[in-house]
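Just so it is clear, the values below take in all heavy atoms, side chains as well, and ignore hydrogens, waters and symmetry mates.
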Amino acid sequence: MPSNDILLPRRALVGGLASLGGLALAGCSDENPPTYGNLLRIADDFTYRAQRLLLPRNALVRQFDHADITSMPAIGTTDPGNAKEPAFSTDFGEAYDRLRKAAFAEWRLEVAGLVARPGAYALADLKALPARTQITRHTCEEGWSSIAQWTGAPLAALLSHAGMLPTARYVNFHAYDETVDSIDLYDALHPQTILAYGMNGRDLPVAHGAPARLRVETQLGYKSVKFLRRIEVVEKFDDFGKKGNIQNGWSWYAGI
Ligand SMILES: Nc1nc2c(c(=O)[nH]1)N[C@H]1C(S)=C(S)[C@@H](COP(=O)(O)O)O[C@H]1N2
Ligand SMILES: [Mo]
């Protein structure tokens, strides 16, 4: 595959590296991704540390050719604007429905937290950032996998545009179905971590997360949050309580 990795502006890179240094130094502190609640979580922690130790920081996952693209089921929420969906949000479901009916022209991705320039990005703003297209395998924790082509803005490009501050350590993602999740800066700045607005050469379909979803190619499918509403850059790890994956029995770190 042709490589279209972007080069981060030096300032963002220095900021990012400073934070990564913080992450490594804080290796044994209480603020690390949690191993708590249950003995089995020690295994998550081990996977996290082992992968961080063994894998080169920006090792790319395998990319495929057009001929390898398969069909892909839509999983979990497939329309956050449909009140019959199990995860329909009373706070955001109707808003999503209105946005969708207006072809997402009014949709804005809020970018908040530890950034010098908090903002609200329209789809056109995301498309104005450098674009990356990649054909990758999506692996769902339920045991199926699919190959699709994704086009979007590298999250690193957005974070650099927003001026991520050196204290940043995690990026939190909030969706219209109230899914919340986070990744650390290793994955946030990974070249294949993108905010995808295109799938298989077309606009991202609603069922797959329109108008924009996260693609974290280095982790299992559930980390690729669909229907993005808000991104927040933070220093302190948040397990999101009852809404987070830890209390719902999922690993926070699902590296593959
Ligand atoms: N907002 C949101 N994101 C989500 C989900 C969801 O239900 N809501 N499901 C996750 C799971 S378990 C998987 S496997 C993938 C499925 O992506 P797809 O529907 O495009 O196949 O999205 C992930 N992201
Ligand atoms: Mo999944």
Centroid-to-centroid, Y96 to F104, below 6.0 Å? yes
Can you confirm whether D65 sits close enough to I135 that some side-chain heavy atom of one is under 4.5 Å from a side-chain heavy atom of the other? no
Can any side-chain N or O of Q192 pair as donor or acceptor with the backbone N or O of Q134 at less than 3.5 Å? no
Connecting only ILVMFWY residues whose side-chain heavy atoms lie within less than 4.5 Å of each other, what is the rest of V180's hydrophobic cluster? F240
Could you pull out all residues at least two apart from E85 that satisfy side-chain hydrogen bond (donor to acceptor under 3.5 Å, both in side chains)? T78
Joint cluster assignment, I194 & Y170, ILVMFWY side-chain distance < 4.5 Å: no
If you count every heavy atom of other residues, nucleotides or ligands that lies below 6.0 Å from H190 atom NE2, does the total exceed 12? yes
Check the pair R100, D79 against salt bridge (charged side-chain N to carboxylate O under 4.0 Å, His left out), reporting the backbone distance first and the verdict last. CA-CA 10 Å; R100 177 195 179 166; D79 179 0; 2.9 Å; yes
May I ask you to decide if A254's main-chain N or O and Q219's side chain share a donor-acceptor pair within less than 3.5 Å? yes
Quick note, side chain to side chain donor-acceptor pair (under 3.5 Å) partners involving residues 194-206, not counting sequence neighbours, are none
Any donor and acceptor pair, going by atom type alone, linking the side chain of T193 with main-chain N or O of D187 inside 3.5 Å? yes
Is the side chain of D125 donor-acceptor paired with the backbone N or O of A128 at a distance under 3.5 Å, no angle test? no
Report whether F64 and M199 are members of the same hydrophobic cluster (ILVMFWY, side-chain heavy atoms less than 4.5 Å apart, transitive linking). no
Would you find a donor on one side and an acceptor on the other, under 3.5 Å apart, between the side chain of T133 and the backbone of T151? no
Heavy-atom side-chain contact between P73 and S146 under 4.5 Å: yes
R117 side chain to H161 backbone, donor-acceptor under 3.5 Å: yes
Partner of I231 under side chain to side chain contact (heavy atoms under 4.5 Å, CB included), picked from V225, L155, L214, is L155
Pairwise side-chain contact, L204 with W150, heavy-atom cut-off 4.5 Å (strictly under): yes
Sidechain-backbone polar pair: T70 side chain, I147 backbone, donor-acceptor under 3.5 Å: yes
Going by ring pair (Phe, Tyr, Trp, His ring centres under 6.0 Å), name the residues that satisfy it together with F88, two or more places apart in sequence or in a different chain. none
For P118, all residues meeting side-chain contact (heavy atoms from CB on, under 4.5 Å), sequence neighbours excluded: V115
I'd like to check L195 versus L109 (side-chain heavy atoms, cut-off strictly below 4.5 Å). Are they in contact? yes
Pairs flagged by ring pair (Phe, Tyr, Trp, His ring centres under 6.0 Å) wherever residues 123-145 is involved - sequence neighbours left out: H138-W144
Kindly indicate whether the side chain of S182, heavy atoms from C-beta on, has any atom under 4.5 Å from the side chain of W252. yes
Quick one: salt bridge (charged side-chain N to carboxylate O under 4.0 Å, His left out) partners of K226, sequence neighbours excluded? none
Could you pull out all residues at least two apart from R215 that satisfy salt bridge (charged side-chain N to carboxylate O under 4.0 Å, His left out)? E217
Any side-chain heavy-atom pair of I183 and F173 under 4.5 Å: yes
H174-F92 aromatic ring centre distance below 6.0 Å: no
Hey, does N245 have a side-chain heavy atom less than 4.5 Å from the side chain of K223? yes
Minimum heavy-atom separation for A157 and P130, please, with both atom names. CB-CD, 4.0 Å
By ring pair (Phe, Tyr, Trp, His ring centres under 6.0 Å), which residues pair with Y222, not counting sequence neighbours? W250
Quick note, salt bridge (Lys or Arg N to Asp or Glu O under 4.0 Å) partners involving residues 171-180, not counting sequence neighbours, are E178-K243
Could you pull out all residues at least two apart from R213 that satisfy side-chain hydrogen bond (donor to acceptor under 3.5 Å, both in side chains)? none
Decide yes or no on side chain to side chain contact (heavy atoms under 4.5 Å, CB included) for M164 and L185, but give the supporting numbers first. CA-CA 11 Å; M164 181 166 70; L185 285 196; 3.9 Å; yes
Linking I/L/V/M/F/W/Y whenever any side-chain heavy atoms sit under 4.5 Å apart, do L165 and V233 land together? yes
Is the backbone N or O of G201 less than 3.5 Å from a side-chain atom of Q149, with the two atoms forming a donor-acceptor pair by type? yes
K101: side-chain hydrogen bond (donor to acceptor under 3.5 Å, both in side chains) partners, not counting sequence neighbours: D97
